[in-house]
Novice: 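Got a structure for you, questions after.
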Amino acid sequence: MNYVASIGSYAIMIKEVFKKPTKWRIMKSLILKEIDELIFGSLGILIFISFFIGAVVAIQTALNITSELIPKNLVGFATRQSIILEFAPTFCSIIMAGKVGSYITSSIGTMRVTEQIDALEVMGVNALNYLVFPKIVALLMYPFIIAVSMFVGILGGWVAATFGGHSTSADFTEGLTLDFIPFHVTYAFIKTLVFAFILATIPSFHGFYLKGGALDVGKASTTSFIWTSIVIVILNGILTQLLLG
């Protein structure tokens, strides 16, 4: 029953986020601040991870090609498919659940513990709109960093395959263009937008409805990471079946 109550509270929170909006003059600065912290602040770690994930995928694919009958361009093809379909949108979202999700939960949870949220509500401010809405808008730019992740991941695969002697540049590039389906990129961005909404709202929910003291902020951050990751994995399966099944 606790899970059902939490789902109901989450749905009510989503509805309240869009009610009684904060003045645009104030909201604009909040959105820009969140874009800087949530989007541009995450670029470095995602670029680093994406490069080496792409490299590992290319190396493992090349090392598992043991038959001369298998074309060498399979390395580029497998790298492209793996990065675009799963690693960039899904794997990076789980990483973001740890980085961005924990930050959102701890920042809002700290405001709850120190009674700053109570002060906002006493002043007549819709605290949910003030705190959560800028994060939702900021994470609408999430597909931008996933696109960068896709590019860097494929680049990492090309570097590893070419300079590691596993494939020639021509074979790898040929594999990148082999049987390319543009909808796969669209599918990845659709998933990314859904995951962005989850990344903004579930950690906010755990932070906003936090009960306890400073110690509970850390526990809430861990719980929000777990549930955000679970929901992302479940939605990944559902969206894959709906869009590609």
Side-chain angles (χ1 to χ4, degrees), residues 34-61 76-107 134-161 176 180-206 221-244:
E34 297 295 350
I35 289 174
D36 181 56
E37 291 181 349
L38 302 181
I39 301 298
F40 295 111
S42 305
L43 263 177
I45 183 67
L46 287 188
I47 288 173
F48 179 81
I49 290 173
S50 298
F51 184 88
F52 285 98
I53 286 293
V56 168
V57 170
I59 293 170
Q60 288 186 348
T61 303
F77 176 81
T79 302
R80 184 199 73 200
Q81 293 296 93
S82 300
I83 295 295
I84 290 178
L85 291 177
E86 285 304 318
F87 282 106
T90 307
F91 187 72
C92 288
S93 294
I94 293 175
I95 294 170
M96 289 285 280
K99 184 186 183 302
V100 170
S102 297
Y103 163 75
I104 291 173
T105 302
S106 60
S107 61
K135 294 174 174 57
I136 294 175
V137 176
L139 282 168
L140 289 177
M141 289 188 64
Y142 187 47
F144 163 72
I145 57 176
I146 293 303
V148 174
S149 173
M150 290 177 183
F151 172 78
V152 174
I154 292 172
L155 176 64
W158 176 80
V159 170
L176 292 179
F180 177 66
I181 302 173
F183 181 73
H184 284 172
V185 178
T186 305
Y187 153 79
F189 285 146
I190 291 172
K191 286 204 306 184
T192 298
L193 284 172
V194 174
F195 296 161
F197 185 80
I198 297 301
L199 286 169
T201 54
I202 291 183
S204 296
F205 171 78
H206 283 91
S221 297
T222 303
T223 304
S224 76
F225 168 69
I226 292 170
W227 280 109
T228 303
S229 301
I230 289 173
V231 172
I232 285 173
V233 170
I234 292 172
L235 287 177
N236 182 48
I238 294 172
L239 289 170
T240 300
Q241 179 61 37
L242 289 175
L243 298 172
L244 298 181

Novice: Is Lys135 salt-bridged to Glu37, cutoff N-O under 4.0 Å?
Specialist: no
Novice: Kindly indicate, with the supporting measurements, whether the criterion side chain to side chain contact (heavy atoms under 4.5 Å, CB included) is fulfilled by Ile94 and Val233.
Specialist: CA-CA 9 Å; Ile94 293 175; Val233 170; 4.1 Å; yes
Novice: Can you see which heavy atom on Gly101 is nearest to which on Pro203, and at what distance?
Specialist: O-CB, 3.3 Å
Novice: Classify the side-chain pair Lys99/Tyr103 by whether it contains a donor and acceptor separated by less than 3.5 Å.
Specialist: no
Novice: Please report the interatomic distance CG(Leu46) to CD1(Ile95), rounded to the nearest 0.5 Å.
Specialist: 6.5 Å
Novice: Which heavy atom of Ala138 sits nearest a heavy atom of Leu38, and at what distance?
Specialist: CB-CD1, 4.5 Å
Novice: What pair of heavy atoms forms the shortest contact from Leu139 to Ala200, and how long is it?
Specialist: CD1-CB, 3.5 Å
Novice: Run the numbers on Cys92 and Ile49 for side chain to side chain contact (heavy atoms under 4.5 Å, CB included), then give the verdict.
Specialist: CA-CA 8 Å; Cys92 288; Ile49 290 173; 5.7 Å; no
Novice: Using 0.5 Å steps for rounding, measure from the CG atom of Leu155 to the OG1 atom of Thr79.
Specialist: 11.5 Å
Novice: Evaluate whether atom CZ of Phe77 has more than 12 neighbouring non-hydrogen atoms of other residues, nucleotides or ligands under 6.0 angstrom away.
Specialist: yes
Novice: Please give me the minimum heavy-atom distance between Ile154 and Leu176, naming the atom from each residue.
Specialist: CG2-CD2, 3.7 Å
Novice: Is atom CZ of Phe48 surrounded by more than 12 heavy atoms (other residues, nucleotides or ligands) closer than 6.0 Å?
Specialist: no
Novice: Here's a test for you: under side-chain contact (heavy atoms from CB on, under 4.5 Å), which of Ile83, Ile53, Ile47 qualifies with Val152?
Specialist: Ile47
Novice: Return the minimal non-hydrogen interatomic distance between Tyr142 and Pro89, and the atom names on each side.
Specialist: OH-O, 4.4 Å
Novice: Is Phe225 close to Thr105 at the side-chain level, that is, under 4.5 Å between some pair of heavy atoms?
Specialist: no
Novice: Can you tell me if CZ on Phe151 sees more than 12 non-hydrogen neighbours from other groups inside 6.0 Å?
Specialist: no
Novice: With rounding to the nearest 0.5 angstrom, report the OG1 to OH distance, Thr240 to Tyr187.
Specialist: 2.5 Å
Novice: Return the CZ to OG distance between Phe87 and Ser149, rounded to the nearest 0.5 Å.
Specialist: 11.0 Å
Novice: Starting at CD1 of Ile198, measure out to CH2 of Trp227 and round the result to the nearest 0.5 Å.
Specialist: 12.5 Å
Novice: Within this structure, what is the CD1-OG distance for the pair Ile226 and Ser221, rounded to the nearest 0.5 Å?
Specialist: 11.0 Å
Novice: Tell me every residue that passes side chain to side chain donor-acceptor pair (under 3.5 Å) with Thr192, counting only those two or more places apart in sequence or in another chain.
Specialist: none
Novice: May I ask you to test the Asn236-Glu86 pair for a side-chain heavy-atom distance under 4.5 Å?
Specialist: yes
Novice: For a quick test of reading the model, state the closest non-hydrogen atom pair linking Ser42 to Val100 and the distance between them.
Specialist: OG-CG2, 3.5 Å
Novice: Determine, stepwise, if the pair Ile232 / Leu199 fulfils side chain to side chain contact (heavy atoms under 4.5 Å, CB included).
Specialist: CA-CA 9 Å; Ile232 285 173; Leu199 286 169; 4.1 Å; yes
Novice: Look at the side chain of Lys191 and the backbone N and O of Leu235, then say whether any donor-acceptor pair between them is shorter than 3.5 Å.
Specialist: no
